[in-house]
Colleague: 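Sending over a structure as structure tokens; questions will come in a sec.
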Amino acid sequence: MFSRIIGTGRYLPERVLTNADLEKMVDTTDEWIRTRTGIERRHIAAEDQTTCDLAEGAVREAMSAAGIGPDDVDMLVVGTTTPDQIFPNVGCLLQKRLGIHGCAAFSVEAACTGFIYALGVADKFVRCGEVKTAVVVGAETLSRIVDWTDRSTCVLFGDGAGAVVLQAAEAPGIVSTHLHADGKYKDLLYYPTGVSKKTPEREDMQDVLTMRGNEVFKVAVSTLGRIVDETLAANNLDKHDIDWLIPHQANMRIINATARKLDMPLERVIITVQETGNTSAASVPMALDMAIRDGRIKRGDRLLLEAFGGGFTWGSALISY
Ligand code: ACO
């Protein structure tokens, strides 16, 4: 038994924040942001819009593309680090919106790798025969935890949501997923407080998304290189066997490095970072949906999805679409 993607969707909030807008907010330039990151604009959720609102837009599109209704959904898994509230989890909130009753619904927190983690979990449930149809979402409102006075982080992030519907099938589908984490890097990228910890553990920690960008960059490039190798080796594939790379959209220079590792021309890499910035768990499913809808990715193509994020967490999925 395998799981296969039968529908995808995405949702981006209406408000666009350009690099020119950011020039008026912090000491930065369009040129710096574009050359260091590739980002030109990002979408920001309206004040009354939550992660669940964005997720709902993406899931409705994915369910419609898959031709399924609420009664068909056996499991809902949401990758997010910016849930509406502590509980009920975003999966349960989505159930209420969509009229889905009774199936398991939960969120998975793995920062930018959240969608790959959610996909890996849902795929296992389908493979073992417990679930026939699963909705998998990556959704974030990172704009809510970014320090809008810190030029080193606020220029990087945006909001959005992407979703896929998985269904049981006799052939892949999802060929393999590879999930990893190493908490020893916890101080390189973090948000320091939560529910049980109200104050940061050290005085120098501020209560905002904090990143040692340069160090994150170096670990991200080498780790993503390794996960590409691991995924190819696990499936006895050569780098030239991949049709499309769908990377986490954090930084154009990191995407370039992974593409080089795969010897892949940029025309075979799905790139949305210029339009969306880093939307964390939403970035991979949004890029996937965009390339399926615009006709670049076709049935039968072999896809490599990868992501890297706070934790650190990282992961990949090899998919025969
Ligand atoms: N505008 C102008 N100058 C800036 C800005 C800005 N927005 N931000 C930083 N600078 C300055 C710095 O102050 C520094 O100045 P100095 O040399 O005078 O001290 C200079 O630019 C260079 O700063 P670096 O941090 O060394 O710049 P770098 O080339 O590393 O680029 C960046 C920074 C874009 C953040 C990069 O390191 C990066 O992309 N890192 C990885 C991000 C990532 O992948 N995160 C993982 C996922 S995120 C998640 O999980 C939530």
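Every value quoted in this text rests on a predicted model; they were computed, and no experiment measured them. Start at 1 and go down the list; that is how both ligands and their atoms are numbered.
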Colleague: Under 4.0 Å between a Lys/Arg side-chain N and an Asp/Glu carboxylate O for Lys239 and Asp229?
Modeller: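 Between Asp229 and Lys239 there is no salt bridge, as every charged N stays at least 4.0 Å from the carboxylate O atoms.
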Colleague: Phe157 ring centre to Arg42 NZ or CZ under 6.0 Å, with the angle to the axis within 45°?
Modeller: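 Pair Arg42/Phe157 does not count as cation-pi.
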Colleague: Could Glu230 and Arg226 be called an ion pair, given the rule that one side-chain N must be under 4.0 Å from one carboxylate O?
Modeller: no
Colleague: Would you say Thr133 and Leu166 make side-chain contact, with heavy atoms under 4.5 Å?
Modeller: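 They are not in side-chain contact.
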Colleague: Out of Ser152, Ala111, Gly310, Cys112, who gets a non-hydrogen atom closest to atom 51 (C) of ligand 1?
Modeller: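 Considering heavy atoms of Ser152, Ala111, Gly310, Cys112, the nearest to atom 51 (C) of ligand 1 sits in Cys112.
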Colleague: Does Asn278 approach ligand 1 within less than 4.0 angstrom via side chain, backbone, both or neither, non-hydrogen atoms only?
Modeller: side chain
Colleague: For atom 1 (N) of ligand 1, what's the nearest protein heavy atom and its distance?
Modeller: Thr28 OG1, 2.6 Å
Colleague: Which bit of Leu189 is near ligand 1, meaning a heavy atom under 4.0 Å away: side chain, backbone, both or neither?
Modeller: side chain
Colleague: What residue and atom, counting heavy atoms only, is the protein's closest point to atom 8 (N) of ligand 1, and at what distance?
Modeller: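 Minimum-distance protein heavy atom for atom 8 (N) of ligand 1 reads Trp32 CH2, 3.3 Å.
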Colleague: What atoms in ligand 1 come closer than 4.0 Å to a heavy atom of Met211?
Modeller: 42 (C), 45 (N)
Colleague: Judged by modelled atom types alone, do Gln206 and Tyr191 share a side-chain donor-acceptor pair under 3.5 Å?
Modeller: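 Their side chains do not contain a donor-acceptor pair, so the 3.5 Å distance test is not met.
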Colleague: Does Asp27 pair with Arg151 as a salt bridge, N-O distance under 4.0 Å?
Modeller: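 Salt bridge flag = yes for Arg151 with Asp27.
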Colleague: Can an N or O of His248 be found at a distance shorter than 3.5 Å from an N or O of ligand 1?
Modeller: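 Looking only at distances, the answer is no, because the N/O contact criterion of under 3.5 Å is not met.
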Colleague: Specify the protein heavy atom at minimum distance from atom 30 (O) of ligand 1: its residue, its atom name, and the distance to 0.1 Å.
Modeller: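 Going by distance alone, atom 30 (O) of ligand 1 is nearest to Asn214 ND2, 3.0 Å.
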Colleague: What part of Ile254, side chain, backbone, both or neither, has a heavy atom within less than 4.0 angstrom of ligand 1?
Modeller: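 Side chain only.
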Colleague: Quick one about Asn251 and Thr37 (side-chain donor to acceptor, distance below 3.5 Å, no hydrogens or angles considered), yes or no?
Modeller: no
Colleague: Run the numbers for me: atoms of ligand 1, each under 4.0 Å from some heavy atom of Thr37, listed by number.
Modeller: 34 (C)
Colleague: Considering only heavy atoms of Phe308, which atoms of ligand 1 have at least one such atom less than 4.0 Å away?
Modeller: 47 (C)
Colleague: Which option, Ala281, Ala250, Ala220, Gly213, owns the non-hydrogen atom nearest atom 40 (N) of ligand 1?
Modeller: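 Going through Ala281, Ala250, Ala220, Gly213 one by one, Gly213 has the nearest heavy atom to atom 40 (N) of ligand 1.
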Colleague: Mind checking whether Thr279 and Gln249 have side chains closer than 4.5 Å, heavy atoms only?
Modeller: no
Colleague: Should the pair Lys186-Glu201 be classified as a salt bridge under the 4.0 Å nitrogen-to-oxygen rule?
Modeller: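 A salt bridge links Lys186 with Glu201.
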Colleague: Judged by modelled atom types alone, do His178 and Glu306 share a side-chain donor-acceptor pair under 3.5 Å?
Modeller: no
Colleague: Please tell me if atom 18 (O) of ligand 1 is touched by the protein, where touching means a protein heavy-atom distance below 4.0 Å.
Modeller: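 No.
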Colleague: Just need the protein heavy atom nearest to atom 31 (O) of ligand 1, so name the residue and atom and give the distance.
Modeller: Arg253 NH2, 3.4 Å
Colleague: Given Val26, Thr35, Val216, identify the one with the heavy atom nearest to atom 46 (C) of ligand 1.
Modeller: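 Looking at heavy atoms only, Val216 sits closest to atom 46 (C) of ligand 1.
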Colleague: For ligand 1, which atoms, with element, lie under 4.0 Å from some heavy atom of Gly309?
Modeller: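 The atoms of ligand 1 under 4.0 Å from a heavy atom of Gly309 are 50 (O).
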Colleague: If only side-chain N and O atoms count, and only distance matters, is there a donor-acceptor pair under 3.5 Å linking Asp123 with Thr177?
Modeller: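 Per modelled atom types, Thr177 and Asp123 side chains form no pair under 3.5 Å.
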Colleague: Suppose we measure from atom 14 (C) of ligand 1 to each protein heavy atom; which comes out shortest, and what is that distance?
Modeller: Arg151 NH2, 4.8 Å
Colleague: Polar contacts were defined as any N/O atom of the residue lying under 3.5 Å from an N/O atom of the ligand; does this apply to Arg36 and ligand 1?
Modeller: yes
Colleague: Can you list everything that forms a salt bridge (charged side-chain N to carboxylate O under 4.0 Å, His left out) with Arg36? Sequence neighbours excluded, please.
Modeller: none
Colleague: What residue and atom, counting heavy atoms only, is the protein's closest point to atom 35 (C) of ligand 1, and at what distance?
Modeller: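 Result for atom 35 (C) of ligand 1: Leu156 CD1, 3.8 Å.
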Colleague: For ligand 1, indicate whether the residue Asn251 contacts it via side chain, backbone, both or neither (heavy-atom separation under 4.0 Å).
Modeller: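 The side chain, only.
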Colleague: Have Asp207 and Thr193 got a donor and an acceptor in their side chains that come within less than 3.5 Å?
Modeller: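 Checked: Asp207/Thr193 side chains pair up, N/O donor to acceptor below 3.5 Å.
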Colleague: Which of the atoms in ligand 1, numbered in the order shown and given with their element, are less than 4.0 Å from a heavy-atom of Val155?
Modeller: 7 (N)
